[in-house]
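A short worksheet on the structure shown next.
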Amino acid sequence: MSVENNDQHYDVLVVGAGFAGLYLLHRLRAQGMRVKVFEAGDDVGGTWYWNRYPGARCDVESLEYSFSFSEELQQEWKWSERYAGQPEILRYLQHVADRFDLRRDVLFNTRVARARFSPARNEWTVNTEAGEQYRARYCVMATGNLSKASVPDIPGIESFKGRWFHTSAWPKEPVDFTGLRVGVVGTGSTGIQLVPRVAEQARHLYVFQRTANYCIPLRNGPQDAGIERDVKGRYAAVRKQARESPSGVAGFNVPTQSVLEVRPEEREAAFERRWNWGGIGLTRAFNDVLFNEESNRIASEYVKRKMREVVKDPKVADALTPTYPIGTKRLCADTGYFQAFNRDNVTLVDIRRSPIRAMGPHSVETGEATYEVDALIFATGFDAMTGTLLAIDIGVENGPTLRSLWADGPHAYLGLMVAGLPNLFMVTGPGSPSVLSNVVVSIEQHVEWITNCLAHMQERGLDHIEALADAQQTWGDHVNEVAGRSLLAKASSWYTGANIPGKPRGFIPYMGGVGAFRAHCDEVARNGYQGFALSTARQAQGSPA
Ligand code: N01
């Protein structure tokens with residue numbers, strides 16, 4: 001049933017109530033706009049609502065992976081660990097929602113199915129899966145980069161008698177694997193966090209690995225009180241440094257030297273410092289690890305050697321040794337991942353050599369063997385960056401759809417708008433630093449840009465904005481050119497769409513760095529929103545203003 005009445009008209013409709021949607025709501029409300037947020041979950045949190053799997057944790061330090069927009073919030077909130085786990089980040093976002101009274105404008109348990117722009121009315125109509133209809137001048141997709149799960153299509157899965165899970169749709173109630181034989185498919189950041197936790201419970205754990213990955217120990221622990229005092233004492237400066245940095249993290253110095261220009265013992269010491277500090281900054285020990293094959297080879301060898309020191313069985317160590325250049329797939333951070341393979345109840349299964357062929361009522365079958373399992377966990381990742389947007393039928397009445405515009409891969413201007421889809425914004429869309437950055441920093445930057453832009457338009461009586469096709473093309477060429485200089489563009493990863501069968505290949509995020517991207521977006525705005533056409537709806541339709 002479609003419901004239409006005046007109550008369903010808003011200034012802005014926002015899809016998603018994670019970090020991005022919550023901050024958008026807060027800012028837009030402060031600008032006096034009427035906003036409605038749609039959220040598929042029954043609570044706020046986005047990624048941190050859905051990914052409740054055992055071991056889920058952020059590998060950016062909590063003092064930095066948090067909102068900077070409220071001094072009171074950042075001073076008063078106390079993180080218990082250096083790297084917060086999922087429950088704590090979710091509590092934080094729930095606190096933000098309560099503290100700023102955001103929930104009253106969020107429609108929970110509401111998945112958006114369709115969004116159509118009417119040029120005649122200069123407004124978006126959004127339809128929910130439940131059949132409700134809402135209208136607004138603007139629509140913002142705050143849908144997250146890693147929200148649409150990728151579940152392998154394995155013959156026989158429907159006959160499986162045990163429980164199976166995808167890590168991003170984990171049940172709210174704890175799952176007890178005690179006494180069970182469990183399989184985990186996938187050894188990316190998620191699988192690597194999950195495996196040691198499940199290994200502690202399961203009778204036996206089979207880890208089905210297609211690609212061995214690089215992992216750096218996270219070295220998590222209780223939040224150090226001295227570091228907290230120091231950061232909170234100069235938070236504004238720390239946040240500024242993060243905003244101007246390449247990756248949105250103040251804690252990483254920007255490297256200035258090549259691996260190749262320092263003596264072997266110096267580079268060993270530099271890698272060692274990063275290794276002992278923990279977390280995913282190791283490839284930033286030098287400025288060319290992600291750009292120069294020989295530099296990368298040296299860094300890769302260092303990490304492989306460290307990993308092999310942990311794993312006792314040389315054959316297992318061989319199988320766990322990555323064969324691709326470090327950092328070209330997302331670097332993983334672990335807490336006891338390699339140690340888990342020293343346990344008697346953990347078996348590594350190489351499904352690169354012999355892929356999973358089928359599932360039976362109680363088993364997973366590869367070409368080589370049958371593995372009896374009572375439960376199966378897919379840590380198989382996401383149709384990243386574009387999947388969630390394309391899952392919604394977005395388009396213009398009698399005009400283009402997002403699916404048609406992106407048939408050969410995503411095109412966007414500054415990751416903010418798509419030419420051909422007026423008054424529709426994305427937060428951390430394709431062609432922005434998004435997944436290559438501390439995403440909270442990138443979210444704040446995009447949200448502030450969008451809300452400032454809407455305020456600018458409001459002040460001038462404008463109500464129509466479109467990205468221009470040539471500006472979008474020029475930006476896309478730049479995104480590709482920057483990516484092409486790095487080794488990342490050559491890798492088979494979810495950055496390039498290679499993990500999803502049939503997905504067009506191309507490097508999706510912007511590699512030019514958070515600081516440079518912000519400066520460029522600011523300049524675009526200062527220059528009167530260069531590359532965007534701002535007008536009134538009547539002008540946009542060609543009528544005299
Ligand atoms: O997903 P992934 P993820 N058959 O795509 C394998 C962020 N994150 O959920 O490499 C068999 O990285 C696949 O193998 P391959 C972070 O940005 C952050 O782990 O394609 N295997 C791979 O091993 C991260 O990068 C944090 O050969 C299949 C794995 O499944 C992103 O989320 C924590 C398969 C998928 O790895 C995604 O991570 C967690 C198939 N059909 C996640 N399909 C932190 O902050 C896929 N695989 C710590």
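Both counts, for ligands and for their atoms, begin at 1 and track the order of listing. Model, not experiment: these values are computed from the prediction.
Of the heavy atoms in Y53, only side-chain atoms (C-beta onward) come closer than 4.0 Å to ligand 1. Contact annotation: for L146 versus ligand 1, heavy atoms closer than 4.0 Å belong to the side chain alone. Contact annotation for V60 and ligand 1: no heavy atom of the residue comes within less than 4.0 Å of the ligand. Counting heavy atoms under 4.0 Å from ligand 1, residue N51 does not touch it at all.
The list of salt bridge (Lys or Arg N to Asp or Glu O under 4.0 Å) pairs with a residue in residues 49-58, not counting sequence neighbours, reads R57-E81.
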Intermediate values then yes/no, ring pair (Phe, Tyr, Trp, His ring centres under 6.0 Å), Y65 and Y92 = CA-CA 11 Å; Y65 190 89; Y92 170 77; 8.8 Å; no

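A donor-acceptor contact shorter than 3.5 Å is absent between the side chain of Q209 and the backbone of L320. No donor-acceptor pair closer than 3.5 Å links the side chain of S437 to the backbone N or O of S247.
Close approach of ligand 1 to V185 is summarised as follows: ligand atoms under 4.0 Å from at least one heavy atom of the residue are 11 (C), 21 (N).
For atom 11 (C) of ligand 1, the closest non-hydrogen atom of the protein is I351 CD1, 3.5 Å.
Taking the charged nitrogens against the carboxylate oxygens, E293 and R297 have no contact shorter than 4.0 Å, which rules out a salt bridge.
At least one N/O-N/O distance between T211 and ligand 1 falls below 3.5 Å.
Taking only non-hydrogen atoms, the option from T190, V151, D59 nearest to atom 42 (C) of ligand 1 is T190. Taking all heavy atoms of R210, R57, R330, K329 into account, the minimum distance to atom 14 (O) of ligand 1 is reached by R210. Of all the listed residues (A379, A491, G186), A379 holds the heavy atom that lies closest to atom 35 (C) of ligand 1. Of the candidates F208, F382, W494, the one placing a heavy atom closest to atom 31 (C) of ligand 1 is W494.
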Sequence neighbours left out, cut at 3.5 Å: what donor-acceptor pairs do the side chains of residues 141-149 make with other protein atoms?
from: N145; atom 1: OD1; to: T428; atom 2: OG1; distance (Å): 3.1
from: N145; atom 1: ND2; to: T428; atom 2: O; distance (Å): 3.0
from: S147; atom 1: OG; to: T143; atom 2: O; distance (Å): 2.7

